[in-house]
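Convention: sequence-line order gives letters A, B, ...; per-chain numbering from 1. None of these values were measured; they are calculated from a predicted model.
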Amino acid sequence: MCLGVPAKIIRITDKLSGKAVAETDGVRREVSLAMLLLDNQQANELVGRWVLLHVGFAMAVINEEEATQSLRLLREMSDD
Amino acid sequence: MTNSFSELTFNTRAFRNPDIVTSLVKQINQLADGVAESLGRPVQIMEVCGGHTHAIFHSGIDQLLNENIEFIHGPGCPVCVLPAQAIDKATWVAQQADTILATFGDVLRVPGAKGSLQQIQAQGADIRILYSPLDVTQLAFDNPTKKIVFFAIGFDTTMPSIALTIQSAKQQHIQNLKFLCYHIRLMPTLTTLLDTGEAELDGFIGPGHVSIVLGSECYQPIAAKYHKPLVIAGFEPIDVLQALHMLLLQLSQQRCEIENAYSRVVSKQGNVLVQQTMNEVFKNSELNWRGLGNVANSVGSLQPEYAQFDGSLVAPQSSPCECDDSKYCADVLIGKRKPNQCPLFGRSCTPESPLGALMVSSEGACAAYYKYKQIPFNESQPEYSEDA
Amino acid sequence: MRDNEVITLAHGAGGRASAQLIDNIFVEAFGAQDEAALQDSAVLDLPTLTAFGNRLAFTTDSFVVSPLIFPGGDIGKLAVCGTVNDLAVSGAVPMYLSAGFILEEGLPISVLRTAVQTMAKTAREAQVRIITGDTKVVAKGQVDQLFINTSGVGVIPAQININSTLADGGDVVLVNGFIGDHGAAVMLARQELGLEASMASDCAPLNGLIADLLQHCPDIRVMRDATRGGVGTVLHEIAHASNVTISLDEKSLPIRPQTQAICDLLGMDPLFFANEGLAVFLVPKSQADKALAVLRDNQYGRHACQIGQVVKTEQSLLYINTNFNSKRMIELPYGIQLPRIC
């Protein structure tokens with residue numbers, strides 16, 4: 001029901017209001033980090049991280065370890 | 001051509017790996033056979049979210065699964081359940097002098113009593129399509145002599161972005177901006193659906209992006225009170241299949257739990273402070289949704305502290321209109337009837353002239369069926385081969 | 001006539017201002033024509049035409065684009081390429097164009113001059129001549145800055161027979177480049193959705209490329225330029241006109257990562273993005289390799305590839321073979337694609 005696309009935080013543009021530039025496959029857009037900052041994440045530490053974008057808001061930081069892990073398990077399962 | 005592809009660490013495409021898809025499909029089909037045998041009928045799984053309906057048809061994974069699995073398409077399409085009176089209100093607003101109606105592209109073609117927003121736009125109304133509510137603040141700054149009204153829709157996923165935008169507008173003392181909000185809350189909708197008990201359901205694929213906000217724990221009543229298993233899924237083919245696999249495992253082991261197959265973004269508790277923000281800005285009220293009828297606490301409307309931003313107060317209060325959709329829309333929405341079991345489907349109701357919103361939204365079950373499933377292959381005719 | 005001037009209603013009134021505009025902008029760019037060009041009609045010698053073939057192709061198209069200038073082109077380049085390509089995919093050698101301009105009062109002269117100069121430059125590249133034209137000026141608000149109409153005539157050589165009804169079982173479907181570049185580039189240039197990427201329109205005259213192709217693969221029967229409605233729409237029309245089933249291979253569709261990312265963000269389908277230098281070719285399988293080699297040899301065909309094939313006759317369908325061995329029907333969208341959040 002809600003389009004969400006993974007994008008990487010490239011740089012912070014306004015620390016105060018929590019704005020940043022995010023990029024996915026060469027497409028950039030200004031996004032809001034407000035939801036993540038509310039969740040006690042630090043803006044500077046988000047640079048370089050992958051987030052899930054919905055309507056220009058970073059909804060969550062993607063847990064890359066979790067993603068790799070679940071893919072690895074699925075791959076092992078499919079090799080059996 | 002700039003391309004950051006090479007430096008990708010996280011890659012969504014990995015969740016489209018055909019080998020893993022094939023392997024999951026095989027295991028799912030085996031499990032489904034067993035579960036269907038014990039049920040004496042095919043397994044009925046509801047994907048609550050329209051995004052999953054779209055993902056299933058787009059990747060065609062429904063064609064790979066055997067006849068022992070049936071998808072029931074759920075109500076998780078905010079456009080499909082939007083009452084006609086919401087469109088009528090937005091239409092009224094858009095027709096006022098010196099007014100710009102900003103909104104998401106999804107609602108433009110939804111029919112209201114006086115036509116769709118697209119038709120009103122053709123008659124001269126200033127309607128802007130935005131990608132993000134972030135842009136509406138700028139629109140208000142750029143047009144100080146205009147009244148800007150943001151017509152906002154969406155489930156709990158979209159609500160926080162609107163709530164944060166309204167809070168920021170208040171902090172910045174923006175005077176020429178209002179919000180006409182029709183946010184539908186997932187949990188009341190889902191429990192109402194289960195209370196009607198119309199559809200025979202064995203389990204749910206839970207919405208991935210709503211769950212980022214609400215957390216996986218919020219679904220516990222689905223398992224505890226309604227005894228249905230639910231697995232939260234992402235939107236790539238492997239995400240959906242993995243959730244389906246986990247659901248079937250539960251059914252075959254006669255477990256009934258809330259599980260999370262989208263743990264790369266969904267946590268147990270969700271984003272608690274964002275939930276608080278939503279509650280500061282929105283209060284829950286009752287609304288008569290298309291197909292679902294009156295659902296208590298299902299719509300987020302603005303709290304009194306934010307009344308100055310409440311666009312619903314400027315529009316005339318219309319009495320809830322008689323639902324102009326056919327009764328079949330309701331049946332499809334709650335999973336009682338498949339789109340192609342509606343006598344109007346593909347005849348008087350098509351994407352060109354939709355009778356109900358399910359045929360408008362690309363997430364709507366009817367539009368998805370029309371787009372992906374309506375035309376039968378002429379199987380009797382062999383495909384052309386080089387020896388032919 | 002200085003570049004800081006703007007168009008006024010006087011420029012369309014037929015008096016001295018009109019004459020100045022014609023001399024300073026149009027004649028300067030399109031070159032001194034013979035006397036006939038500035039008369040009420042351009043007059044063409046028939047033998048010049050019949051030397052090229054035995055049938056005349058005649059087409060017209062109007063160009064409205066916002067913004068007028070975008071990465072990879074502008075409205076002037078578009079106005080020449082659009083009509084040249086319409087002629088070329090009909091199998092014709094494009095020869096002459098007309099150009100009609102509708103100008104909004106207040107349009108900067110510099111904008112008009114740039115558009116007209118690119119038209120002239122593109123026409124030279126495509127080896128066509130702009131031989132007749134017209135200009136109208138309308139009051140502010142009656143058009144959006146500048147609209148251009150071009151019509152074109154070309155000659156079809158006797159042995160060439162191109163028609164959308166002629167697709168047949170076993171034909172392969174080729175395109176000469178990336179899908180959706182123009183639609184993506186113009187959408188970004190409009191800056192309405194806050195998205196940025198380095199993307200350029202594919203706007204280009206394809207008559208040279210098509211001439212090469214027809215010379216080496218004269219059996220090609222179906223060619224279409226995939227403009228406004230995109231590759232999806234023209235393939236739909238071909239499937240319908242020829243009553244055949246066309247299947248596309250998802251993994252072989254040439255779509256730039258940026259275009260796909262825009263589509264993912266906005267919930268759109270690149271198959272229905274506009275292209276202005278991309279054509280679809282249906283080629284008998286036996287000539288597919290040769291056709292691809294010829295296309296790739298041309299600057300506008302370096303990324304040419306096969307995207308699908310005609311799999312059946314006597315049933316008109318268009319679908320994609322997904323990477324998972326399932327089929328996805330491709331239905332025409334109702335109108336323009338709107339960005340969505342759901």
Does a side-chain heavy-atom distance below 4.5 Å link [X] with [Y]?
X	Y	result
A:Lys19	B:Leu134	yes
A:Asn63	B:Ser263	no
A:Met77	B:Gln242	no
B:Tyr262	A:Ser70	no
A:Leu74	B:Leu24	yes
B:Pro160	A:Phe57	no

Side chain, backbone, both or neither of [X] within contact of chain B (heavy atoms, under 4.5 Å):
X	answer
A:Val51	neither
A:Val27	neither
A:Leu52	side chain
A:Ser32	both
A:Glu30	backbone

Of the backbone (N, CA, C, O) and the side chain (C-beta and beyond), which part of [X] lies under 4.5 Å from a heavy atom of chain A, both, or neither?
X	answer
B:Ser161	both
B:His54	neither
B:Ile238	side chain
B:Gln27	side chain
B:Ser168	neither
B:Asp106	neither
B:Val213	side chain

For this session: Determine whether more than 12 heavy atoms belonging to other residues, nucleotides or ligands lie under 6.0 Å from atom CZ of B:Arg16.
Result: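 Yes.
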
Please name the pair of heavy atoms, one in [X] and one in [Y], separated by the smallest distance, quoted to 0.1 Å.
X	Y	result
A:Ala67	B:Arg264	CB-CD, 3.7 Å
B:Ile212	A:Met59	CG2-O, 3.5 Å
B:Ser132	A:Gly56	OG-CA, 3.8 Å
B:Ala14	A:Leu71	CB-CD1, 3.4 Å

Problem set entry | Partner chain A: residue of B:Pro133, B:Gly154, B:Ser267 with the largest heavy-atom pair count (under 4.5 Å) |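 Among B:Pro133, B:Gly154, B:Ser267, the one with the most close pairs to chain A is B:Pro133.
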
Could you give the distance from [atom1] ([X]) to [atom2] ([Y]), rounded to the nearest 0.5 Å?
X	Y	atom1	atom2	answer
A:Ser17	B:Gln172	OG	CD	8.0 Å
A:Thr68	B:Asn11	OG1	CG	10.5 Å
A:Leu38	B:Thr277	CG	OG1	4.5 Å
A:Ser78	B:Asn17	OG	CG	7.0 Å

Exercise. Between B:Phe235 and A:Leu3, is a side chain to side chain contact (heavy atoms under 4.5 Å, CB included) present by the stated rule, with each step listed?
Worked result: CA-CA 9 Å; B:Phe235 295 86; A:Leu3 278 182; over 6 Å; no

For this session: Mark yes or no for whether B:Asn271, through its side chain, and A:Met35, through its backbone, hold a donor-acceptor pair below 3.5 Å.
Result: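 Side chain of B:Asn271 to backbone of A:Met35: a pair is present.
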
For this session: Show your working on side chain to side chain donor-acceptor pair (under 3.5 Å) between A:His54 and B:Thr158 and close with a plain yes or no.
Result: CA-CA 7 Å; A:His54 171 65; B:Thr158 316; 2.8 Å; yes

